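Only heavy atoms go into these numbers, but all of them, side chains included; no hydrogens, no water, no symmetry mates. Remember, it's a predicted structure, so these values are computed and weren't measured experimentally. In the text below, chain A, chain B and the rest are named by the order of the sequence lines, each starting its count at 1.
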2 protein chains.
Amino acid sequence: MCQNRRMSNTKALPLIQADVEPCCPPLNERPLTVEEAERAAAMFKALGDPIRLRLFSQIAAHADGEACVCDISDVGVSQPTVSHHLKKLREAGLLTSERRGTWVYYRVAPSVMASLARSFSVSG
Amino acid sequence: MCQNRRMSNTKALPLIQADVEPCCPPLNERPLTVEEAERAAAMFKALGDPIRLRLFSQIAAHADGEACVCDISDVGVSQPTVSHHLKKLREAGLLTSERRGTWVYYRVAPSVMASLARSFSVSG
DNA sequence: GGTCTAAATTGACGTCTATCGAAACAGGTG
DNA sequence: CACCTGTTTCGATAGACGTCAATTTAGACC
């Protein structure tokens, strides 16, 4: 089940990286600009689906901060649908994926948690 | 434009309150349950529209933590659409509204900022 | 009461979205 | 090579979503 990911080749492979900027100021600091709102809303929109949010949570909560698709695909929808949701999360800049051998591992993109936490930090 | 809200009658009126529970644990603490994911996803979904996010930000960033609808309705969509979006944010438990005289004032529901910030706090 | 303004509601319209099955494709293993 | 894991594509469908014009509701004021 690849829960134990001891594999023969663990070399670094081509990452599918999304550019993750700090995104946005705290929501209560000042009104977001149109551009800021569009970027931040895209992230929230990606998290706005229960299935996607569970996938994200499973990855974020997984040991070593990364999870194989085969470990998280028991969310009640078909496998292509899982892949579809993971792609949405990737496109939103929330996840990165990396193929190592047979399996593909997902992890939360760098600084995403901090960036989103900052959105809700009280600045007043 | 009611920017100065000094009015004759400022008595307390029937609130349209949404029950705002702490909602959910940090996303990286453990995988969310189905119920937790549905509740949290509803909030993120409400914030997942650029217009709604700007409305929310304008209210959250407004002086005294509250804003009259007439102060925030210049987001480029019609008045009914603004009202529609504010209703969505209310139903998601993110905003509360209160009518005082002619105008309706919105504010961020209690503990919403802290609750959402907690979702992205690093617990590992 | 009549009129004005503020905001919510209604109804309709077009578009986007989530989901699926099936099939094809790409990388890696044995 | 066959086999496995995961992604992608292709319809296809049912439902949700954003938007608006028109209307209604609610309150203030004369």
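Between A:R30 and A:P25 the shortest heavy-atom distance is NH2-CG, 3.4 Å. Taking every heavy atom of both residues into account, A:L94 and A:M43 meet most closely at CD1-O, 3.9 Å.
Atom CZ in A:F44 sits about 18 Å away from atom P in C:dT17, given to the nearest Å. In this structure, the CG atom of A:L86 is 13 Å from the C1' atom of D:dT5, given to the nearest Å. Atoms CD (A:E98) and P (D:dT7) sit 13 Å apart, rounded to a whole Å. Taking atom CD1 of residue B:I72 and atom C1' of nucleotide C:dA6, one finds them 13 Å apart after rounding to whole Å. To the nearest angstrom, C1' of D:dG18 lies 10 Å from CD1 of B:I51. Rounded to an integer number of Å, the gap from A:E91 CD to D:dT7 P is 13 Å. A:R100 places its CZ atom 12 Å from the P atom of C:dT29, with the value rounded to the nearest Å. Atom C1' of nucleotide C:dG27 and atom OH of A:Y105 are separated by 14 Å, given to the nearest angstrom.
Taking only side-chain atoms of B:T81, from C-beta outward, the nucleotide of D:dG27, D:dC20, C:dC20 with the closest atom is D:dC20. Closest to the B:V69 side chain, of the nucleotides D:dT5, D:dT7, C:dA7, is C:dA7. For B:T102, whose side chain is taken as the heavy atoms from C-beta onward, the closest listed nucleotide among C:dA6, C:dA7, D:dG6 is C:dA6. Closest to the side chain of B:H85, out of D:dG18, C:dT19, C:dA6, is D:dG18.
Here A:S119 contributes atom OG and A:L32 contributes atom CG; the two are 7.5 Å apart, rounded to the nearest 0.5 Å. Atom CG in A:L95 sits 11.0 Å away from atom CZ in A:R107 (nearest 0.5 Å).
Phosphate contact (OP1/OP2 of D:dC20, side-chain N/O of B:S78, threshold under 4.0 Å): present. Put simply, A:Y106 has a side-chain N or O that comes within less than 4.0 Å of OP1 or OP2 on D:dT7.
Remark: B:R90 fails to qualify as a cation-pi partner of B:Y106 under the 6.0 Å distance and 45° angle criteria applied to the six-membered ring.
Using a 30° and 60° split on the angle between ring planes, B:F44 and B:F120 fall in the tilted class, from 30° to 60°.
In this structure B:K45 satisfies the side-chain contact (heavy atoms from CB on, under 4.5 Å) test with no other residue, sequence neighbours excluded.
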Filtered N/O pairs between nucleotides 8-17 of chain D and protein, under 3.5 Å:
{"from": "D:dC17", "atom 1": "OP1", "to": "B:K45", "atom 2": "NZ", "distance (Å)": "2.8"}

